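Read the structure below first, then the notes.
Starting from 1, each residue takes its place in the sequence as its number. Remember, it's 1-based here, ligands and their atoms both numbered in the order they're listed. Bear in mind the structure is a predicted one, so any value in this text is a computation, not a measurement.
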Amino acid sequence: MPKALITGITGQDGAYLSEFLLGKGYEVVGLLRRSASSDVIGERLRWIGVIDHVRLVDGDLMDLSSLIRIMASEKPDEIYNLAAQSFVATSWQQPILTGQVTGMGAVNMLEATRIACPQARFYQASSSEMFGRIQAARQSETTPFYPRSPYAAAKLYAHWMTINYRESFGMHASSGILFNHESPLRGIEFVTRRITDGVARIKMGRATHLRLGNMSAQRDWGHARDYVRAMWLMLQQNVADDYVIATGETTSVKDFCDMAFTAAGLHAADHVQVDQALLRPAEVDILHGDPTKAMTKLGWKPQTTLSGMVGEMLEADLARLASNAAR
Ligand code: NDP
Ligand code: GDR
């Protein structure tokens, strides 16, 4: 039975990747950082139904010795480094922590792998945010980067270090340059979930308005379930490489919002307020991915439509609210 180690297992992608790998017959081990709220920390793993099928081990991306110890004792075949301070807006408030966890944390993982299990295949969660102020209308693996936030700069460092370890030490280390991907398990602070949760609250009479920031930003939004499959496919290749994972469609926040309100039988114009406090110091105006390489070399293709995903997220938020389980 192959063994996978996932950092960031308690996050959105960690839950979907666990479900996917368990379905493939993997033993799944997850890195869990210590928390005083351990009763709620596995909420996503519980929601998706895998909490009793994964094994959680104590460690932190900031603590190299814990990572080396885990690598040495677990000897995983595949390592998925998903852990990060992943919220772009917070990265201006906590640039140093973001650099440490999102940037240096990845290097800690690469080092622990090199020291304790160098044969393992390594996946780094890179990001379309690295394209930032875009240098080409459609972004592919060859598009130059222009990071626009402390988060993006930290991810770019981790991205180049992954390539560096591949080229310097011959490690099977791949980077997935993933564009935004969402799901009912998306953190409530990200715009898509903020919208579907807000729409559900308005629909159920618990709120009247939804405050949002920049409505004209455009993103290439896919479903997390499709994107974790791409991560796995990358590690099944004989040669490690970097891949853009995207749908190839771009949509504005305003249009996403309209879709969600319409799906609930409501009108966005009656409920949405723009809040200047939610604008960012520097914005990534538009992202539009070109996933040709992943489609050709990995045989990967997204299976979920945007409207299907909006409907799924809205249904899940309505159900959460109905059961009073909403945060
Ligand atoms: P989440 O924010 O949902 O999850 C982040 C995970 O990282 C959580 O499990 C969190 O643990 C963990 N973590 C944070 N700090 C540490 C630390 N010091 N030590 C150990 N674990 C830590 O992110 P997503 O699932 O959405 O994304 C997964 C990865 O992919 C991230 O690296 C993100 O930056 C990247 N990415 C995401 C995209 C997206 O659209 N979702 C697109 C491109 C890249 P805890 O639960 O304890 O907080
Ligand atoms: P992003 O996702 O920054 O692209 O990073 P987010 O959903 O936070 O923002 C997307 C766009 O929506 C605009 N926006 C708002 N954003 C939030 N969060 N809240 C609002 O109320 C709001 N109103 C408008 C933002 O300004 C932005 O333009 C995500 C994360 O998952 C990263 O970890 C990942 O690397 C990238 O996607 C790809």
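- Among N180, L287, D275, the residue whose heavy atom lies closest to atom 2 (O) of ligand 2 is N180.
- Of the candidates A217, S86, S127, the one placing a heavy atom closest to atom 33 (O) of ligand 2 is S86.
- For the residue pair Q85 / S91, no side-chain donor-acceptor distance below 3.5 Å is found, with atom types taken as modelled.
- Looking at ligand 2, you'll find an N or O of E283 within less than 3.5 Å of one of its N or O atoms.
- The pair E283-R133 does not count as a salt bridge, with every side-chain nitrogen at least 4.0 angstrom from each carboxylate oxygen.
- The shortest separation from a heavy atom of F87 to ligand 1 is not under 4.0 Å, leaving the residue out of contact.
- Inclusion of W221 in the set of residues having an N or O under 3.5 Å from an N or O of ligand 2 is not warranted.
- For the residues L185, T7, D60, the heavy atom positioned nearest atom 18 (N) of ligand 1 is part of D60.
- For D241, the salt bridge (Lys or Arg N to Asp or Glu O under 4.0 Å) partners two or more places apart in sequence, or in a different chain, are K293.
- With a 4.0 Å cut-off on non-hydrogen atoms, R186 touches ligand 1 through its side chain and not its backbone.
- A cation-pi arrangement is present between R114 and F169 under the rule of less than 6.0 angstrom and at most 45 degrees off the ring axis.
- Under 4.0 angstrom from ligand 1, there are no non-hydrogen atoms of A224.
- The pair D13-R186 does not count as a salt bridge, with every side-chain nitrogen at least 4.0 angstrom from each carboxylate oxygen.
- Nearest-residue assignment for atom 11 (C) of ligand 2 (options M215, R219, R186, K155; heavy-atom criterion): R219.
- Annotation: side-chain contact (heavy atoms from CB on, under 4.5 Å) contacts of Q273 (sequence neighbours excluded): H209, R211.
- Residue contact annotation: S128 has no non-hydrogen atom under 4.0 Å from ligand 1.
- For ligand 2, the polar-atom distance check against E189 finds a nitrogen or oxygen pair separated by under 3.5 Å.
- Counting heavy atoms under 4.0 Å from ligand 2, residue V253 touches it through the side chain alone.
- The residue from L61, V101, D220, L45 that puts a heavy atom closest to atom 20 (C) of ligand 1 is L61.
- When E129, R280, E182 are ranked by how near their heavy atoms come to atom 6 (P) of ligand 2, first place goes to R280.
- Both the backbone and the side chain of V191 come within contact range of ligand 2, each with a heavy atom under 4.0 Å.
- Close approach to K155 involves these atoms of ligand 1, each under 4.0 Å from a residue heavy atom: 31 (C), 32 (O), 33 (C), 34 (O), 35 (C).
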